[in-house]
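In listed order, ligands and their atoms are each counted from 1. No hydrogens, no waters, no symmetry mates; every other heavy atom, side chains included, goes into these values.
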Amino acid sequence: MKIKNVLISGGAGFLGSHICNYYMANKYNVYSIDNLSTGFISNIKNFINEPNFTFVKYDIVKPLKNKVFSTKFDLIINMASPASPPQYQKLALETLQAGSTGTMNLLELAMRDNARFFHASTSEVYGEPEVHPQPEFYKGNVNSYGPRSMYDEAKRYAEALIYVYHYKYQVNTTIARFFNTYGPNMDANDGRVVSNFIVQALKGIDITIYGDGSQTRSFCYVDDLVKGIVALINSKESGPINLGNPSEFTIKQLAEKVIKLTRSKSKIIYKPLPADDPTQRKPVITLAKSKLNWKPVISLDDGLIRTIDYFSTIINTQ
Ligand code: UDP
């Protein structure tokens with residue numbers, strides 16, 4: 001059988017590195033492209049020297065077709081974007097460009113090569129949801145002019161671009177909307193809630209809840225998500241399809257779980273809730289269950305234990 005070529009943008013980031021890992025284990029020729037603005041070479045250290053792995057430090061916003069790659073790709077997976085609120089606010093224009101020009105450059109490559117194209121979208125396209133839980137047909141309640149808009153609108157624009165390439169140019173595209181994924185290879189300093197709480201608990205410093213902690217999120221362990229992504233890529237579905245864990249927790253419950261599982265002496269402190277922070281989020285995954293035969297199987301407790309193990313090693317070696 002012919003060995004397949006897969007291009008993974010954002011391939012040194014938290015999720016991108018897990019996708020690289022999956023396709024390395026499945027003997028693809030893996031090409032990882034990342035500008036390293038929020039990704040790290042350390043995330044791909046286990047396979048960077050393998051003969052079937054190629055890493056290119058490059059920004060997808062710059063022209064791609066006929067520039068970086070002459071390889072013909074069978075599969076293109078777009079995971080490139082800052083994803084945590086403090087990071088995408090710091091890299092605001094870069095985030096808008098990754099979702100627009102960057103995504104379009106990758107779609108052009110997919111059209112050139114007749115490749116399957118997968119795009120990582122987000123529950124942020126639902127904004128501050130007035131429908132709970134959120135099914136794919138809910139059109140969302142996004143603020144186009146606010147501190148989250150550079151991320152939310154970039155992801156919405158990317159979906160619109162993909163719609164055009166799919167229906168006007170018959171590119172074989174598919175879209176998943178992820179809900180708060182966590183696990184090893186998260187950046188300890190990127191400001192997301194799971195990494196912040198675990199690092200604070202392990203260091204014995206105050207755990208920072210923003211607002212009163214009654215806002216909810218539904219956390220999906222990364223191994224579950226990767227299985228969903230692969231199932232979607234291997235299907236004929238074009239999406240968008242929600243991929244997330246429908247078990248919903250308040251941020252206060254998350255803080256309490258992390259304190260218990262780390263046996264930490266950290267105290268909870270409360271800080272102001274950032275503007276436009278969604279009050280609730282929970283995916284409807286009926287489509288993923290019926291079309292992909294996928295559902296998450298790792299509970300929040302089990303996933304947190306594995307993530308705490310990961311952060312314990314990296315914090316001890318810092
Ligand atoms: N949050 C918190 N303390 C932190 C970091 C985040 O209470 O140290 C809250 C944040 O305000 C939000 C939720 O946790 O309500 C999830 O934040 P995250 O940045 O992980 O992702 P989001 O789902 O908001 O994009």
### Task
Determine the minimum heavy-atom distance between S32 and A12, stating which atoms define it.
OG-N, 4.0 Å
### Message
On a heavy-atom basis, I'd like to know which of D277, V193, T279 is closest to atom 10 (C) of ligand 1.
### Response
D277
### Query
Could D277 and R148 be called an ion pair, given the rule that one side-chain N must be under 4.0 Å from one carboxylate O?
yes
### Query
Hey, does the side chain of D302 reach the backbone of I298 with a donor-acceptor pair shorter than 3.5 angstrom?
no
### Message
Counting only nitrogen or oxygen atoms and a 3.5 angstrom limit, does R217 reach ligand 1?
### Response
yes
### Task
Answer yes if the ring centres of Y165 and F117 are under 6.0 angstrom apart, and no otherwise.
no
#### Entry: Polar atom proximity, Y88 to ligand 1 (N or O, under 3.5 Å)
no
### Query
Under 4.0 Å from any heavy atom of G191, which atoms of ligand 1 are there?
5 (C)
### Message
Does E108 form a salt bridge (charged side-chain N to carboxylate O under 4.0 Å, His left out) with R112? I'd like the steps, not just the answer.
### Response
CA-CA 6 Å; E108 285 286 323; R112 179 195 75 179; over 6 Å; no
#### Entry: Option from N49, V30, I33, I41 for which side chain to side chain contact (heavy atoms under 4.5 Å, CB included) with F55 holds
I41
### Query
Going through the distances and angles, do E159 and R156 end up as a salt bridge (charged side-chain N to carboxylate O under 4.0 Å, His left out)?
CA-CA 5 Å; E159 290 198 6; R156 279 161 51 91; over 6 Å; no
### Query
Where is the nearest protein heavy atom to atom 19 (O) of ligand 1: which residue, which atom, and how far?
P85 CD, 3.3 Å
### Task
Would you please determine whether S195 falls within less than 4.0 Å of ligand 1 on a heavy-atom basis?
no
### Query
Heavy atoms only: which of T208, D190, N180 is nearest to atom 3 (N) of ligand 1?
T208
### Message
Among all the protein's non-hydrogen atoms, which is closest to atom 13 (C) of ligand 1, and how far away is it?
### Response
I251 CD1, 3.7 Å
### Message
Is R148 close enough to touch ligand 1? Criterion: a residue heavy atom under 4.0 Å from a ligand atom.
### Response
yes
### Query
Hey, which atoms in ligand 1 end up nearer than 4.0 Å to a heavy atom of I209?
7 (O)
### Query
What is the distance from atom OH of Y23 to atom CG of L7, rounded to the nearest 0.5 Å?
12.0 Å
### Query
Where does R192 meet ligand 1, judged by heavy-atom distances below 4.0 Å: at the side chain, the backbone, both, or neither?
both
### Query
So which heavy atom in the protein is nearest atom 8 (O) of ligand 1, and how far is it from that ligand atom?
N196 ND2, 2.8 Å
### Task
Give the residue, atom name and distance (to 0.1 Å) of the protein heavy atom nearest atom 1 (N) of ligand 1.
Y210 CD1, 3.4 Å
### Message
Given 3.5 Å as the limit, does a donor-acceptor pair link the side chain of D74 with the main chain of N5, or not?
### Response
yes
